[in-house]
Student: 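What follows is a structure written as structure tokens; I'll ask about it next.
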Amino acid sequence: MAVTLAQALNRALHDAMEADDRVVVYGEDVGRLGGVFRITDRLQSRFGERRCFDTPLAESGIVGTAIGMAIYGFKPVVEMQFDGFTYPAFEQLVSHLAKMPNRSRGTVRLPVVVRIPFGGGIGAVEHHSESPEAFFSHAAGLKVVSPGTPSDGYSLLREAIDDPDPVIFFEPKRRYWLKEDVELPCKTPGFGNAVVRRQGTTATLIAYGPMVRTCLEAASAAEEEGWDLEVLDLRTLVPFDSAGVVASLQRTGHAIVVHEAQVFAGIGAEVAAQLQERAFYHLEAPVLRVGGFDVPYPAAKLEEFFLPDVDRILDAVERALSY
Amino acid sequence: MAVTLAQALNRALHDAMEADDRVVVYGEDVGRLGGVFRITDRLQSRFGERRCFDTPLAESGIVGTAIGMAIYGFKPVVEMQFDGFTYPAFEQLVSHLAKMPNRSRGTVRLPVVVRIPFGGGIGAVEHHSESPEAFFSHAAGLKVVSPGTPSDGYSLLREAIDDPDPVIFFEPKRRYWLKEDVELPCKTPGFGNAVVRRQGTTATLIAYGPMVRTCLEAASAAEEEGWDLEVLDLRTLVPFDSAGVVASLQRTGHAIVVHEAQVFAGIGAEVAAQLQERAFYHLEAPVLRVGGFDVPYPAAKLEEFFLPDVDRILDAVERALSY
Amino acid sequence: MGSRVDANALLPPDKPVRLLDDSGTLHEVEGFPLDLKDEELRELYRFMVLSRRVDKQAINLQRQGQLGVYASLLGQEAAQVGSAFALEPRDWVFPSYRELGAALVRGVDPASILHLFRGTWLSDHDPHETHFGLLSIPIGTQALHATGFAMGAKFDDVDLVVMSYFGDGASSEGDPHEALNFAAVFEAPCVFVVQNNQYAISVPLISQTRAPTIAHKAVGYGMPGYRCDGNDVLGTYAVVRQAVERARRGEGPSLVEAVTYRMEAHTTADDPTRYRTDEELAMWKARDPIARFETFLESEGLLTADLRQEIDDEAQAHAKRLREEIYDAPHGDPLELFDHPYVEPPPSYAEQREFLRAELASNQEG
Amino acid sequence: MGSRVDANALLPPDKPVRLLDDSGTLHEVEGFPLDLKDEELRELYRFMVLSRRVDKQAINLQRQGQLGVYASLLGQEAAQVGSAFALEPRDWVFPSYRELGAALVRGVDPASILHLFRGTWLSDHDPHETHFGLLSIPIGTQALHATGFAMGAKFDDVDLVVMSYFGDGASSEGDPHEALNFAAVFEAPCVFVVQNNQYAISVPLISQTRAPTIAHKAVGYGMPGYRCDGNDVLGTYAVVRQAVERARRGEGPSLVEAVTYRMEAHTTADDPTRYRTDEELAMWKARDPIARFETFLESEGLLTADLRQEIDDEAQAHAKRLREEIYDAPHGDPLELFDHPYVEPPPSYAEQREFLRAELASNQEG
Ligand SMILES: Cc1ncc(C[n+]2csc(CCOP(=O)(O)OP(=O)(O)O)c2C)c(N)n1
Ligand SMILES: Cc1ncc(C[n+]2csc(CCOP(=O)(O)OP(=O)(O)O)c2C)c(N)n1
Ligand SMILES: [Mg+2]
Ligand SMILES: [Mg+2]
């Protein structure tokens with residue numbers, strides 16, 4: 001049955017709340033309104049105001065209270081309304097959510113999930129198209145997840161909620177309406193497993209979240225060129241599947257990492273660094289990075305010139321192959 | 001004359017305030033107390049309470065008001081008391097300080113300097129030994145600077161204050177008492193110029209801030225092994241001196257990047273990614289990264305086991321050479 | 001160890017100050033004299049009508065797919081025009097994203113604001129020309145910019161007042177709290193105008209704060225808290241004017257709560273039927289700020305048929321110009337992406353700009 | 001549009017509540033009855049004496065290079081012991097970094113706290129055992145953990161009160177503002193105790209806020225603000241007890257300002273002579289919380305020479321045990337770095353742990 005990513009996420013929240021009454025969902029406008037993207041739609045009417053509720057407008061307050069509720073014994077799943085609005089909560093996320101379990105020598109665990117609709121491509125105004133995943137991947141203690149398909153949306157969110165560690169869950173908002181034929185509930189490979197979305201021999205495209213789909217489109221387009229591209233979906237940045245990335249590179253000898261975030265000091269750098277560390281002699285060309293320019297995310301009408309697309313990916317493939 | 005980094009920074013602030021009455025210095029305890037590290041010592045008595053003053057305890061307030069004062073026409077130089085306490089200001093730093101000039105299409109400029117004593121090695125309690133430079137290097141619109149010597153402390157801070165763009169200025173607190181024979185005022189190479197601190201032929205150690213000194217010690221120790229190591233000081237992460245890094249690698253064929261921050265998604269990844277992109281055929285071995293483990297910064301008595309040191313650097317050199 | 005200030009002097013009155021009641025009848029309110037000349041009263045009316053017309057045009061342009069999104073001020077014309085009108089040209093305003101009305105009073109070209117909502121540019125006006133800051137989307141953050149700007153003016157002994165707008169929801173964020181506190185501690189010439197339009201998207205005031213009123217928060221910073229009927233342009237003007245003059249006299253900042261209502265959806269992307277009732281809407285419609293003021297002006301003989309015609313024509317002209325400027329407006333030059341982030345950009349900019357230039361060139365051929 | 005709550009009911013009295021004056025004489029204060037049994041009064045004394053002795057020991061250990069740094073509670077014994085004593089064992093406390101006294105009342109082993117300041121571990125006690133949260137160094141952040149914990153208890157209808165401590169300086173940060181607001185909106189059973197010790201490191205209260213008093217901030221959240229003489233253990237207890245019972249009755253959170261003074265440096269790394277005078281110090285020394293309470297207990301015949309001896313012996317024993325436990329305490333197992341960050345660590349942990357293990361092994365040989 002055809003399910004959108006948005007539906008899969010909503011269903012995952014619903015099923016998790018059904019399965020465990022310690023799961024609570026809260027944030028700005030997630031209750032009565034059901035979230036600005038409707039990901040929490042009907043959860044309040046179904047589970048009541050103590051299980052799904054709206055908060056005052058304060059992201060640090062949302063994350064900080066989630067930490068307290070988790071110490072008490074709940075499993076809070078909180079929403080940051082948009083990527084650009086996670087920053088007010090940065091201290092609670094990095095100084096406490098990430099560090100408190102370690103600080104406590106394991107006596108305190110924080111099974112908190114922070115959901116963040118992220119990335120661009122929807123023609124939004126400023127601060128609504130950010131890709132801050134590298135920040136959180138560099139904050140030890142957090143897990144960082146980003147599904148690229150509806151089935152992963154369901155399964156990874158369920159896993160995130162069940163996970164005893166704090167998880168930052170990046171939802172590719174431009175893919176909320178992406179459809180997949182899948183029966184829910186479903187189970188996909190767990191955290192730390194990259195998945196080959198398309199097998200290929202010429203080169204590997206490495207992506208996560210919104211760019212997985214773009215890479216698949218690039219791979220199809222590449223057939224004309226006679227290129228057989230492999231597409232590897234990282235799915236989780238922390239834990240990072242080094243072995244999976246290396247294995248794919250060994251098959252193809254060429255790798256291109258693709259993300260929306262600016263290239264400088266982005267996740268692509270980590271992937272490239274690891275590949276040359278772990279598969280030096282298999283690299284037939286440098287690992288190339290295709291991502292946003294090193295400028296602030298632009299106005300809606302200019303985002304197409306900023307974001308990676310099929311042409312830029314194929315251009316990078318060509319550069320890699322002709323190296 | 002022997003000058004410590006702390007003295008050089010204090011002198012730079014003094015001279016900048018002397019040279020331009022638009023320069024104001026403020027933050028927590030920087031006025032009457034002269035800062036917890038005395039970097040702002042005697043500025044208030046010399047220039048008065050309107051040029052150097054204490055604020056309420058609120059980092060977002062400090063950075064947010066600095067933006068407003070800069071729009072008005074001042075050049076605020078504000079202090080975040082410690083690295084771990086920049087996080088409450090993250091939204092103002094990333095959403096406004098970094099983005100507003102671009103948002104304004106150049107009609108608003110923010111000549112703000114945010115000084116951050118950073119890094120570990122001083123046996124401090126938690127949150128006082130963080131290395132958050134990768135976060136800010138990934139936020140387009142900011143410049144990110146970190147001096148490793150007293151003369152650079154003076155010259156780069158003067159340049160940062162004169163710079164029309166916002167600058168995050170990372171002061172290696174464990175090196176505040178590091179001495180150098182230098183006459184102040186002094187001028188060292190500008191932003192975007194990496195500097196070879198020690199010429200060598202065997203391999204290049206790449207560092208910035210606190211690890212420059214550690215790399216120099218490693219290079220001396222390496223002589224016993226018969227290794228002639230080059231030490232390259234990046235000095236500024238944004239702008240990043242790609243050409244300088246490539247040039248050094250071309251001389252030595254081997255590169256090891258060293259920083260205190262956790263390795264995963266750190267600046268070392270960017271350096272490694274660029275080197276394999278820009279000097280693929282000159283790499284005789286992978287670019288190796290020596291840095292903090294991917295764990296929260298540990299308790300003081302354990303930091304020696306977390307931080308890069310001479311042995312770990314030489315161990316990496318050996319791995320690179322024996323590749 | 002006793003308290004340093006008389007708290008009661010800082011608390012707002014029980015009922016918001018209003019000079020015009022719902023029916024448009026003028027009432028004397030002690031301490032808030034109406035000191036406006038006839039042409040000023042007409043100006044207030046003019047700005048409110050223009051605001052509403054431009055707002056309507058913006059909503060239509062959004063419906064026609066010409067704007068990505070738009071945040072309407074419908075119902076808040078008096079709160080915005082009345083407050084902004086209390087400022088002098090040399091003063092400054094730091095708005096959120098809903099202050100089109102205040103922008104008009106300051107002389108900002110509304111087209112520049114619609115270009116933001118269209119996505120032509122992230123912003124398109126020079127704050128230094130009109131002393132109207134860039135629209136600020138991260139909630140409440142602009143309050144700190146206002147405070148900092150005012151601190152600067154104060155340090156220079158420059159006679160200038162800074163006004164910052166934020167919403168009822170914003171009052172929950174940390175930044176406005178820090179802004180109010182800094183302003184008080186540094187005795188900065190600031191006026192913080194909270195447009196309490198009863199909602200933060202779908203979240204009603206009662207879920208936002210349990211304070212007696214938002215104005216009561218002022219006492220926690222040692223500044224006076226004022227309240228006015230934000231649908232009464234005269235009451236709003238009179239109260240804000242006092243706060244502005246207080247700041248100008250060097251007596252420090254204050255907080256003004258303008259009690260009003262957002263008649264439209266939060267933005268054109270929102271569906272308010274999910275969280276509010278027609279009854280509520282009807283109740284506030286009866287308090288329409290423009291209708292009320294019209295009744296008053298007519299009773300005073302200040303609003304002739306000719307004047308009304310004149311203003312309507314001007315409003316139509318505005319709307320027409322906006323349609324022409326915004327409709328199918330071309331996107332900006334993509335290469336401008338690299339022009340503004342830095343005065344002295346890193347070397348990578350040359351590479352990346354060249355990459356984009358070449359790409360654009362080849363797309364033109366292909 | 002009128003205000004929903006009676007603001008005046010929320011405002012603190014002009015002078016802080018005190019039951020014992022500086023000379024130790026007891027005064028009846030209407031509404032704050034002294035309902036403590038003799039053994040409880042002795043317990044209060046005992047905890048204050050122990051706190052001071054342990055604090056002194058900690059300072060000495062730091063001077064001897066055994067602690068990296070230490071934040072003394074000297075002068076704040078009454079504020080901490082009096083407030084913590086108002087709780088039941090099932091209640092919870094979320095402290096900052098200065099609440100050694102509150103920790104003792106809750107039964108936390110002071111050695112675990114000194115291990116934090118020594119740097120043996122980042123923290124060394126299990127909050128679930130004593131219901132005393134981890135010390136929190138980022139200013140004010142713990143207030144949100146307290147609120148969240150209390151929200152959890154409230155949602156479960158569990159009878160439990162949560163107390164959070166923070167300082168006068170912390171009142172300027174965004175987090176306590178958000179914590180107070182969330183607590184009020186969700187009617188969470190919280191008591192926020194602000195130890196106003198007059199300074200944030202070198203910054204005096206007047207540079208921190210212009211509020212009449214910190215307790216006046218409560219009205220901005222719609223909760224009652226209380227003030228007590230934080231150097232009077234009985235006044236502090238009586239006031240906090242009221243706030244605690246209010247929360248327990250389900251009537252929601254409140255804010256208590258305990259007016260006190262930090263007699264020691266901010267931390268052992270600080271030089272207070274740079275920012276405060278001997279006169280000021282002397283004035284507060286005359287208000288010493290322990291001396292005052294001693295006078296009272298003696299006048300009541302509750303403090304015999306034997307009891308005093310007994311308590312002093314216990315204090316010495318505590319101090320001795322701390323010296324033995326902390327002096328030259330070995331560092332923890334470096335491999336533990338990898339044990340706690342995650343329950344299910346990423347694969348990189350195995351590699352990095354093995355790297356460190358091998359390094360440690362080779363260092364042992366070499
Ligand atoms: C920091 C931040 N969090 C969340 C948002 C998303 N958001 C945009 S408007 C809004 C509600 C604002 O309510 P209020 O302050 O009352 O202003 P109003 O829209 O009613 O004028 C929210 C939550 C944002 N823009 N910034
Ligand atoms: C977010 C943050 N900023 C700065 C600091 C550095 N710092 C430690 S204690 C302190 C002063 C705190 O003052 P107050 O809240 O009054 O508590 P007190 O130390 O007086 O008990 C500061 C600025 C910090 N720990 N956290
Ligand atoms: Mg509102
Ligand atoms: Mg204090």
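The figures that follow rest on heavy atoms only: side chains count, while hydrogens, waters and symmetry mates do not. In this text, all values refer to a predicted model and were calculated from it rather than measured experimentally.
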Student: Heavy-atom distance under 4.5 Å to chain B: side chain of A/Val238, backbone, both or neither?
Tutor: side chain
Student: Do the side chains of A/Glu126 and B/Arg103 get close enough for a salt bridge, i.e. N-O under 4.0 angstrom?
Tutor: yes
Student: Could you point out which residue of B/Phe90, B/Tyr87, B/Phe135 forms a ring-ring contact (aromatic ring centres under 6.0 Å, His included) with A/Tyr87?
Tutor: B/Phe90
Student: What part of A/Leu237 is in contact with chain B, defined as an atom under 4.5 angstrom from a non-hydrogen atom: side chain, backbone, both or neither?
Tutor: backbone
Student: Is the B/Phe264-A/His138 ring centre distance short of 6.0 angstrom?
Tutor: no
Student: Would you mind checking which part of A/Ser242 comes under 4.5 Å of any heavy atom in chain B, side chain (CB onward), backbone (N, CA, C, O), both or neither?
Tutor: neither
Student: Can you say whether A/Phe293 sits under 4.5 Å from chain B via the side chain, the backbone, both, or neither, judging by heavy atoms?
Tutor: neither
Student: In plain terms, say whether A/Arg289 and B/Glu270 are close enough for a salt bridge, that is, a side-chain N and a carboxylate O under 4.0 Å apart.
Tutor: yes
Student: Between B/Gln276 and A/Val287 (side chain of the first, backbone of the second, donor and acceptor by atom type, cut-off under 3.5 Å), is there such a pair?
Tutor: yes
Student: Fit a plane to each ring of B/His127 and A/His96, take the angle between them on a 0 to 90° scale, and name the class: parallel (under 30°), tilted (30 to 60°) or perpendicular (over 60°).
Tutor: perpendicular
Student: Under a 4.5 Å heavy-atom cut-off, does chain B meet the side chain of A/Ala89, its backbone, both or neither?
Tutor: neither
Student: Looking at A/Lys99 and B/Glu130, does any basic side-chain N land under 4.0 Å from a carboxylate oxygen?
Tutor: yes
